[in-house]
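Below you'll find the structure, written out as structure tokens, and then a few comments.
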Amino acid sequence: MTFISAEEAFKKAEPGSLSTTSRVWLAALLGTLVFALIQFATYTPDGFPNNDNLLRMIHVQDLLAGQGWYDPVQYRLGLEGGTVMHWSKLIDAPIAALVLVGGKAFAAAAWPGLLAFVALAGLVLGAVRTGGTETILPASVIGVAALWSVGAFSIGAFDHHNVHVVLLIWGGVRVARGPAPGG
């Protein structure tokens, strides 16, 4: 395994070629497109994948209907008066924005797709930091397969687990040995 500095990567780049950073983001974008094609090809419209995703959408609907940001009660659950929930509205807010932009079906595809893009970018960047630019293609292919296999980025995955995966990946990128790609 060789570690290269940003300066070495810049010197090796041919004039007019993409920088390492641009190649990482391009690989993440192309990988996300492949991931989306796989998702849509294997999607079966049988509702939400699990109860957590359904409950997250209920939280989003309540937020859009005017429930207060600091009100942790889910009034549709439990006995009279509802159930106090521990879920953060920080996850609800971007999903609510996507619902406002394009509706629930749009949010069901866009939210996990956006998170898959950010996760894949982190996987590719981590690979480049530790193994150099020749790891971009293998990291993209393995990353797409890994993200698809865990199911946290499936269409309709509104639960917070996909956000946890993204944060874990980027935490690993931050501590990965080797320089950040330059150029």
Side-chain angles (χ1 to χ4, degrees), residues 23-65 67 69 72 74-78 83 85-130 135-176:
R23 291 192 294 177
V24 166
W25 289 107
L26 183 60
L29 179 63
L30 294 174
T32 303
L33 291 175
V34 170
F35 179 78
L37 290 173
I38 293 169
Q39 286 295 315
F40 285 115
T42 59
Y43 177 70
T44 55
D46 55 356
F48 291 92
N50 64 40
N51 292 336
D52 286 343
N53 295 325
L54 177 60
L55 188 55
R56 175 66 66 188
M57 184 48 72
I58 291 171
H59 274 264
V60 168
Q61 289 173 332
D62 289 346
L63 181 64
L64 290 172
Q67 184 172 352
W69 182 266
Q74 181 46 252
Y75 295 99
R76 302 180 200 197
L77 284 179
T83 300
M85 298 295 293
H86 66 281
W87 289 1
S88 171
K89 297 255 195 301
L90 292 174
I91 305 296
D92 297 345
I95 298 171
L98 291 170
V99 169
L100 287 174
V101 167
K104 290 183 203 174
F106 173 73
W111 176 248
L114 290 169
L115 290 175
F117 171 71
V118 175
L120 193 55
L123 290 172
V124 174
L125 179 58
V128 168
R129 278 191 165 185
T130 57
T135 63
I136 290 175
L137 180 61
S140 299
V141 172
I142 293 169
V144 167
L147 294 180
W148 180 76
S149 68
V150 297
F153 299 91
S154 299
I155 295 171
F158 290 114
D159 195 13
H160 55 272
H161 297 116
N162 45 20
V163 176
H164 291 174
V165 172
V166 169
L167 292 173
L168 180 65
I169 288 170
W170 279 93
V173 169
R174 295 294 301 152
V175 298

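Predicted model only: the values in this text are computed from it and were never measured. All residue numbers refer to positions in the sequence shown, counting from 1.
Residue Leu125 holds its CG atom at 9.5 Å from OG1 of Thr135, rounded to the nearest 0.5 Å. Distance check, rounded to the nearest 0.5 Å: CG of Asn53 to NE2 of His161 gives 9.0 Å. Separating the OG atom in Ser140 from the CG atom in Leu26 is a distance of 9.0 Å, to the nearest 0.5 Å. Here the CE-CG distance, from Met57 to Asp52, works out to 13.5 Å after rounding to the nearest 0.5 Å. Atom NZ of residue Lys89 and atom CD of residue Gln67 lie 4.5 Å apart, to the nearest 0.5 angstrom. Rounding to the nearest 0.5 angstrom, the gap separating the CD1 atom in Ile38 from the CG atom in Leu33 is 11.0 Å.
The shortest distance between side-chain heavy atoms of Trp87 and Gln74 does not fall below 4.5 Å. When side chains are defined from C-beta on, Phe106 does not count as touching Leu100, because their heavy atoms never get closer than 4.5 Å. Side-chain contact check for Ser154 versus Gln39: some heavy-atom pair is nearer than 4.5 Å. Residues Ile91 and His59 fail the side-chain proximity criterion, which asks for heavy atoms closer than 4.5 Å.
Judged as a side chain to side chain contact (heavy atoms under 4.5 Å, CB included), and not counting sequence neighbours, the contacts of Thr83 are Leu77, Met85. Applying the salt bridge (charged side-chain N to carboxylate O under 4.0 Å, His left out) rule to Arg174 yields no partners; only residues at least two apart in sequence or on another chain are considered. Applying the side chain to side chain contact (heavy atoms under 4.5 Å, CB included) criterion to Leu29, with sequence neighbours excluded, gives Phe117. Residues satisfying the side chain to side chain contact (heavy atoms under 4.5 Å, CB included) test with Val118, not counting sequence neighbours, are Val166, Trp170. Every residue meeting the side chain to side chain contact (heavy atoms under 4.5 Å, CB included) condition with Val165, not counting sequence neighbours, appears here in chain and number order: Phe153, Ile169. Remark: Arg23 pairs with no residue by the salt bridge (charged side-chain N to carboxylate O under 4.0 Å, His left out) rule, at least two apart or across chains.
Summarising the geometry of Asp159 relative to Asn162, their closest heavy-atom pair is O-OD1, 2.7 Å, with the distance given to 0.1 Å. Contact detail for Ile155 and Pro112: the closest heavy-atom pair is CA-CG, 4.2 Å. Minimum interatomic distance between Phe158 and Ala107 (heavy atoms only, all atoms of both residues): CE2-O, 3.6 Å. The shortest heavy-atom contact between Trp111 and Ala157 is CD1-O, 3.4 Å. Contact detail for Thr130 and Ala176: the closest heavy-atom pair is CG2-CB, 3.9 Å. For Leu120 against Thr32, the heavy-atom pair with the smallest separation is CD2-N, 3.6 Å.
The side-chain contact (heavy atoms from CB on, under 4.5 Å) test with Asp92 singles out one residue from Leu64, Leu63, Val99, and that residue is Leu63. Among Ile136, Val173, Leu123, the one residue that satisfies the side-chain contact (heavy atoms from CB on, under 4.5 Å) test with Val128 is Ile136.
Around CH2 of Trp148, the count of heavy atoms belonging to other residues, nucleotides or ligands within 6.0 Å does not exceed 12.
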